[in-house]
Each structure stands twice: as structure tokens, then as C-alpha cells.
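Heads up, the thing below is written out as C-alpha cells.
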Amino acid sequence: MACIDQKNLQPFVSPQIFDSCKSLKLLKQSHAQILKSPSPPNPKLTIKLVASYGKLGDLDSAVLAFDQFPQYPDAFLFNSLIQAYNSNSLFRWSLEIYTQMLNSGISPNQYTFPLLVKACSSSFMLRHGTQIHGHSVKLGFSSNPFVGVSMIDMYMKNGEIESARLMFDGMLERDVVSWNALLTGYTQNGKPEEALGVYNRMRKEGVDTNFVSITNVINACSQMRFLHQGKWIHSWVFKTGFEADIIIGTALLDMYANSADLGFAKQIFEEMITKDLIAWNCLISCSAQNGLIEDSFKLFIEMQGSGLKPNGSSLAGILPAVARCGALHLGKSCHGFAIRNGLDLDEYVMTALIDVYAKSGDLIAARRLFDFIPTKSVVAWSSMIAGYGSHGFCAEALMLFEKMLASKFKPNYITYIGVLSACAHSGFVKEGREYFRRMVTQHGIIPNVQHYTCMVDMLARAGLLDEAMDLIKTMPTEPSPGIWGALLGGCKIHSHVELGKFAAERLFELNSSDPGFYVLLSNIYAAANMWSEVRKMRELMRERGLRKPAGWSSIEIGKKVHCFISHDISHADSNVIYQKLEELMEEICKAGYIPETKVVLHDVEDDVKEDMLRSHSEKLAMAYGLLKTAPGTPIRIMKNLRTCEDCHVAAKFISKVTGREIVLRDAIRFHHIKEGACTCRDYW
DNA sequence: ATAGGGTTAG
């Protein structure tokens with residue numbers, strides 16, 4: 001009998017049999033069969049069994065199979081268990097198994113190290129990774145090309161570019177994969193020039209580049225917004241027939257979208273033979289980032305029509321567009337969609353929603369979500385900090401930043417933009433200077449134009465115009481339009497005609513076609529009663545075909561957005577709105593409101609001016625909000641341009657006499673107006 | 001029998 005069993009068992013237990021075990025049930029049946037066999041399982045079989053359990057995600061059974069084979073534990077067996085943990089993303093356990101391996105006196109082999117290094121790089125355990133690197137050197141495996149490549153990858157994924165480079169330079173044998181690891185590392189770390197340099201060297205040295213290399217070159221071109229070379233690559237890809245590859249297709253799509261050639265991106269998308277979730281997501285998020293909110297929603301729906309189920313990234317992709325238009329109800333319904341579809345715990349979705357809530361004026365909801373996220377990324381911290389800053393809550397922003405540092409998080413350059421702009425919006429000059437310094441000394445971040453813009457903005461608003469000018473002079477790069485714009489804004493607040501004129505001239509030299517700058521300078525002249533200059537500015541604008549964009553304000557009532565322009569009489573409730581406005585004006589005048597006619601308008605009689613101010617879009621929206629919402633509800637208004645000074649004063653009085661909180665989002669910040677005061681401290 | 005590099009996203 002025993003003999004027959006053996007015979008029958010022999011073909012049955014060949015290791016290959018597990019490859020066809022697609023289900024755990026089948027695998028367990030085979031496992032049971034082996035255990036019934038009178039002879040002990042052979043090593044090959046156990047290893048295959050452990051690996052198969054690992055692939056199917058049943059680690060308990062993998063360990064069980066591992067333990068059933070205590071006779072000859074060796075590196076092979078341990079490796080397969082480590083791989084089982086790796087493939088289930090249980091990287092700490094992989095290292096744990098390695099420790100057990102060493103403790104039981106088994107030496108790792110050359111196959112062990114890539115597995116361990118992968119575990120470290122995937123879970124950002126750089127310190128452990130460096131230790132493993134040391135072990136591999138000691139045991140003489142560091143010159144193995146597989147070990148080397150995994151090491152390059154680990155250092156690159158952890159931002160240790162120098163160490164990766166050293167590893168690469170020290171390698172004795174290099175093949176496409178090791179070159180690609182270096183190339184990929186540079187693109188992943190945002191160093192497209194270096195990446196292209198590596199690619200050129202590869203070609204010079206005759207390395208056979210493959211589709212991985214090409215994907216990364218496209219990626220690098222995409223980062224450089226270097227469409228010229230990108231197009232060349234595209235035609236090259238086309239010729240070699242790589243285009244059918246979906247990953248290359250997606251990389252191309254991303255490149256065109258990043259170079260603001262969305263039309264071309266769409267064309268590539270249309271031409272893709274199979275469109276997977278990633279390709280859809282890419283186009284959705286590109287549309288959203290280019291402000292095409294309707295397109296991104298349409299694509300989101302179309303994608304579902306084509307039978308694909310959106311994942312967290314799909315939803316996170318449209319959320320920046322939602323944040324941009326600041327429609328709270330839309331943000332909430334996206335949040336609802338996330339909950340209904342089990343995407344509300346997705347890290348990207350949660351983080352994007354923080355931004356949506358903050359930019360829609362609901363900071364409390366943003367903070368609630370922030371506190372809820374168990375493992376907050378740098379982006380989550382940065383969004384929340386920037387949220388507080390834009391609403392004028394600088395102290396809260398800085399407190400959160402300190403908390404972030406205390407929890408051992410490394411801020412990046414975006415975090416610092418949030419911190420510095422928070423200081424700028426609230427006039428925290430002393431703190432701003434200090435953080436600007438610490439950014440360099442403590443975190444090694446070289447300030448870029450955006451950081452300088454925050455600083456100039458901060459100093460100029462605070463009236464430290466000379467210091468702002470000095471800072472501009474010490475900038476390592478050419479001042480951007482944004483820099484001069486910030487200085488010009490400060491000159492407007494502090495009525496500095498000369499410097500304002502200087503800043504504006506620099507802007508006009510740079511061919512800035514933003515009509516806002518012309519209007520700013522014109523307003524500076526108006527405030528100084530220099531009417532002939534004002535007229536000249538108007539003529540200049542007309543000559544250059546620039547027009548001040550029409551201002552509008554919107555307010556959400558229920559699920560509907562109501563939009564107003566100045567003197568708007570198109571609304572169905574127009575009569576009631578003007579009546580309400582009339583009452584409000586009477587009430588706030590009693591409370592001490594005096595219309596700010598001086599700067600806002602000129603060339604008109606005073607009583608006419610008052611009348612014109614009275615029907616500004618902000619005021620119409622406020623009146624409508626007061627009519628349509630229950631007492632005590634905050635009124636959230638959005639304006640496309642900067643807030644008008646008179647409307648700002650009026651809003652403060654309105655908040656006082658009605659007891660309402662008014663949250664007003666203008667082109668660059670929020671005003672929280674409560675009990676007659678605003679978080680901007682009249683300073684914006 | 002066990003090992004290395006590639007696509008989207010705040």
C-alpha cells in the first residue's frame with residue numbers, strides 16, 4: 001500500500017503543482033496530502049509551499065509550513081519566508097525573520113540581500129537599510145549586481161542621492177537595470193537634468209536602453225516642461241513601436257499635460273488601445289489642475305461608464321478643481337461619494353479633502369479631517385498649515401508647524417511656503433524672518449522665488465519697503481513678476497508712489513499682461529490725487545488691449561450657487577435683495593459706518609460714489625445670504641478679485657449688527673469677519 | 001527552489 005501511495009504521490013507533489021493552485025483551498029488540500037505522505041517533505045517542496053502561501057496572502061500557513069520543516073533550515077527556506085512577508089508589505093516582519101535567521105546560525109546568501117533591501121526601501125527604513133548594506137559588505141555580497149541595484153534603489157527612494165551615486169560608481173558590472181535604477185532615481189527625486197545626463201551617458205557607452213529607460217526619459221522631459229525634446233522622444237517612441245505599451249503611453253500623456261498641452265494629451269489618450277485606471281486618473285487630474293473642472297467631472301463619470309471603478313486617486317484627482325472653485329456643497333458631495341464607495345480612508349483623498357474644506361472656508365471641517373488621519377503625510381501637514389495661514393490664523397499655523405517638527409516630520413519647501421505666507425498675511429514679521437533663516441540653517445532648504453515672494457510680500461505689507469527692496473537686490477535669481485507685484489501691493493497699502501511706480505515699471509518691462517498690476521498702480525495714483533497719471537494708466541491699458549476683469553461674488557444657498565456682479569439686477573429676488581441692502585446700509589450707518597469713497601472711486605460726485613459702492617457684488621451677496629439663511633449661520637462668500645476696501649469695512653459692521661460670521665474668500669486669502677473685526681486685521 | 005529597474009495622485 002505504502003508503495004502505491006508513494007508512486008501516486010510522486011507526480012502530485014512536484015513543486016510545479018503549486019503554480020496552478022490559484023485558490024487557497026486547493027493549496028491547503030495539497031499541503032494536507034504532503035503531510036499524509038510517510039516520507040518527510042523535501043526541501044524544494046517546503047520552499048515552494050511557503051512561497052505559494054505568501055503569494056496568496058496567508059502568512060500563518062506560510063509560517064506553519066516553514067515550521068514543519070525543522071530538519072534542514074537553510075538560507076533558501078528563510079529567503080522564501082522573507083519574500084512572503086515582503087509581498088504582503090509586512091516589511092518589519094521581513095527584518096524580524098532575518099534576525100531569527102542570524103540567531104539560528106544560518107548565513108544569508110546573495111539572494112537574501114535584495115529582499116532585505118527591498119523591505120527597507122519600501123518602508124523608508126533607511127537606518128536599517130544602511131545596516132543591511134554593511135552586512136552585505138562584510139559577507140562579501142556587495143559586488144553582486146542584484147545587491148547593488150537594490151541598494152541604489154533604496155538610497156534613491158529615500159532621497160539619499162549621493163549614497164546611491166557612490167553605490168553605482170563602485171559597481172564592477174553594470175547592465176541596463178543598474179543604469180535604469182540610477183536614471184529612475186534621478187527622475188523620482190526631481191532631478192530631470194541629471195536623469196537626461198545619465199541617459200546620454202548610457203547611449204554614449206553603448207548600453208542597450210529599453211522601455212524602462214524611455215519611460216524615465218519621458219518623465220524627465222515632463223518635469224522640465226521641455227516639450228521640444230519631449231516631442232522628439234515621442235516620435236522616436238512611435239518609430240520603435242513602444243507606444244503600445246500602456247506605461248509609456250501614460251508617461252507621454254502626463255508629459256503633454258504637464259507641458260500645458262492638454263489637447264495633445266487628450267489625443268494620446270484617445271489613441272491608447274487600452275485605457276486603464278491610471279491613464280484615466282492621469283487625464284482627470286491634469287484637467288483638474290488646469291482648472292477645467294467640468295471636464296474633470298465629465299471624465300470621472302465617463303470612466304465609470306466604461307466599466308472602471310474609481311479608486312482613491314481618481315477622486316483625489318478631481319478634488320484640486322473642487323478646492324479651486326471653493327464650492328463647499330460640491331466638496332461635501334465628493335466627501336459623500338468617498339464614504340459611499342469606501343474611499344474615505346484613502347490617504348490621498350483625505351489629504352485632498354483637507355485642502356477642499358480649507359479653500360471652501362470651512363476650517364473646522366478641515367481640522368476635523370486632519371486630526372482624523374492616523375498617519376499624516378508631509379502634504380497633509382502642509383495643507384493644514386497653509387489653510388490656517390490663508391484664513392489669517394497665523395498663530396495656529398505656526399503652532400501646528402512646531403507640532404509637526406516635534407513629531408519628527410521633515411518639512412519640505414511647500415511646507416515653508418505655507419509658513420511664510422501665513423506670517424505675511426498676518427504681519428508676523430519677526431517670526432517670518434526667523435523661519436526664513438531656519439528654513440536654510442535647520443532644514444537645508446534653499447529659498448526659491450516663491451519663498452522670496454512671501455518675504456517681500458510680508459515686508460512690503462508691513463511697510464518695511466526698503467527692507468523688501470534690499471531683499472530683492474540680494475536674490476540669487478532674477479525677480480519674477482510675482483516679486484514686483486508683491487512690492488507694488490505694499491506700495492499701494494502704504495501709499496508709496498515712487499517705489500510703486502518703480503515696481504510697476506519692472507512689471508511692464510517683463511511684459512506682464514496682468515491687468516491687476518495696472519489697476520494697482522492706477523489706484524496708487526488715485527489715492528495721491530494724481531489724476532492725470534491715472535488717466536495715462538487707463539490709456540496704456542487700452543493701448544495694450546487690457547481690461548480689468550469684471551468682479552463677481554458668489555454665495556451658496558442650499559445646493560445652488562448664486563453669482564452677482566456689481567449693480568446686478570438679473571437675480572429673480574433682485575427687488576428683495578436691494579430692499580434688504582437698503583435696510584442694512586441704514587443700520588450700519590447708525591453704527592458708525594462711513595463709505596470709503598476716496599480710494600475706490602474718483603472722477604465722480606460723492607453721492608454718486610456712495611450709490612455705486614452700495615451695489616458692489618460683495619454687498620449683494622451678503623444681503624442675499626442674510627435673507628436666505630437662518631440666524632447664526634456663517635455666511636460664506638467668494639470673490640474672484642481682491643476684496644473692495646469699502647465692502648470690507650461694511651462687512652465688519654454687518655457682522656456686528658447682525659451677529660453673523662462672514663467668511664469671505666477673495667483672490668488670494670480669506671477674511672473671517674466676526675463681531676466687527678476681521679482676521680486680516682485690515683491688512684491685506 | 002529564493003533576487004534588481006518602469007505609469008497617475010495632495
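In what follows, every chain begins at residue 1, and chains take the letters A, B, ... in the order their sequences are listed.
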Of the listed B/dT7, B/dA1, B/dA3, the closest approach to the A/Asn144 side chain comes from B/dA3
Hey, does A/Ser285 reach any base, or is it just sugar-phosphate, or nothing, if we go heavy atoms under 4.0 Å?
sugar-phosphate
*Verify whether one side chain among A/Asp153 and A/Ser150 offers a donor that lies under 3.5 Å from an acceptor in the other.*
no
Whole-Å distance, A/Ile273 CD1 to B/dT7 P, equals 21 Å
Ranking B/dG6, B/dA3, B/dA1 by distance to the side chain of A/Gln83, first place goes to B/dA3
From NZ of A/Lys275 across to P of B/dT8 the rounded distance in Å is 19 Å
- Task: Mark this stacking check for A/Tyr348 against B/dA9 as yes or no, applying ring centres under 5.5 Å and ring planes under 30°.
- Result: no
From CG of A/Asp175 across to C1' of B/dG6 the rounded distance in Å is 15 Å
Task: Base of B/dA3 and ring of A/Phe113 stacked, centres under 5.5 Å, planes under 30° - done: no
message: Taking the basic N atoms (NZ, or NE/NH1/NH2) and the acidic carboxylate oxygens, is any pair closer than 4.0 Å for A/Glu205 and A/Arg201?
response: yes
Testing B/dT8, B/dA1, B/dG6 for proximity to the side chain of A/Asp254, the answer is B/dT8
Base, sugar-phosphate, or nothing for A/Thr184, non-hydrogen atoms under 4.0 angstrom?
sugar-phosphate
In whole angstroms, the gap separating C1' of B/dT8 from CG of A/Asn219 amounts to 10 Å
Checking B/dG6, B/dT8, B/dG4 against the side chain of A/Cys282 (C-beta onward), the nearest is B/dT8
Side-chain atoms of A/Tyr111 come closest, of B/dT7, B/dT2, B/dT8, to B/dT2
Checking B/dT7, B/dG4, B/dA3 against the side chain of A/Lys118 (C-beta onward), the nearest is B/dG4
Taken to the nearest whole Å, CG/A/Leu308 to P/B/dT7 is 20 Å
| said: Check the phosphate of B/dG6 against A/Gln188, side-chain N and O only, distance under 4.0 Å to OP1 or OP2. Yes or no? | reply: yes
Can you check whether A/Phe168 and A/Trp179 have ring centres sitting under 6.0 Å from each other? yes
Could you tell me whether A/Ile47 contacts a base, only the sugar-phosphate backbone, or nothing, with contacts defined as non-hydrogen atoms closer than 4.0 Å?
base
To the nearest angstrom, the CG-P distance between A/Leu277 and B/dT8 comes to 14 Å
Between CG of A/Leu115 and P of B/dG4 the distance, given in whole Å, is 6 Å
Closest of B/dG6, B/dG4, B/dA1 to the A/Pro145 side chain is B/dG4
Atom CG of A/Leu139 and atom P of B/dA3 are separated, to the nearest Å, by 20 Å
Tell me if the aromatic rings of A/Tyr388 and A/Phe370 count as close, with their centers under 6.0 Å from one another. no
From the candidates B/dA3, B/dA1, B/dT8, the one with an atom nearest any side-chain atom of A/Phe146 is B/dA3
Worksheet entry | Near-ring test A/Tyr98/A/Phe78, centroid separation under 6.0 angstrom | no
*Are A/Tyr416 and A/Phe401 an aromatic pair by the rule of ring centers under 6.0 Å?*
yes
Note to self: Below the 4.0 Å mark, does B/dG6 have OP1 or OP2 next to a side-chain nitrogen or oxygen of A/Lys157?
What the structure shows: yes
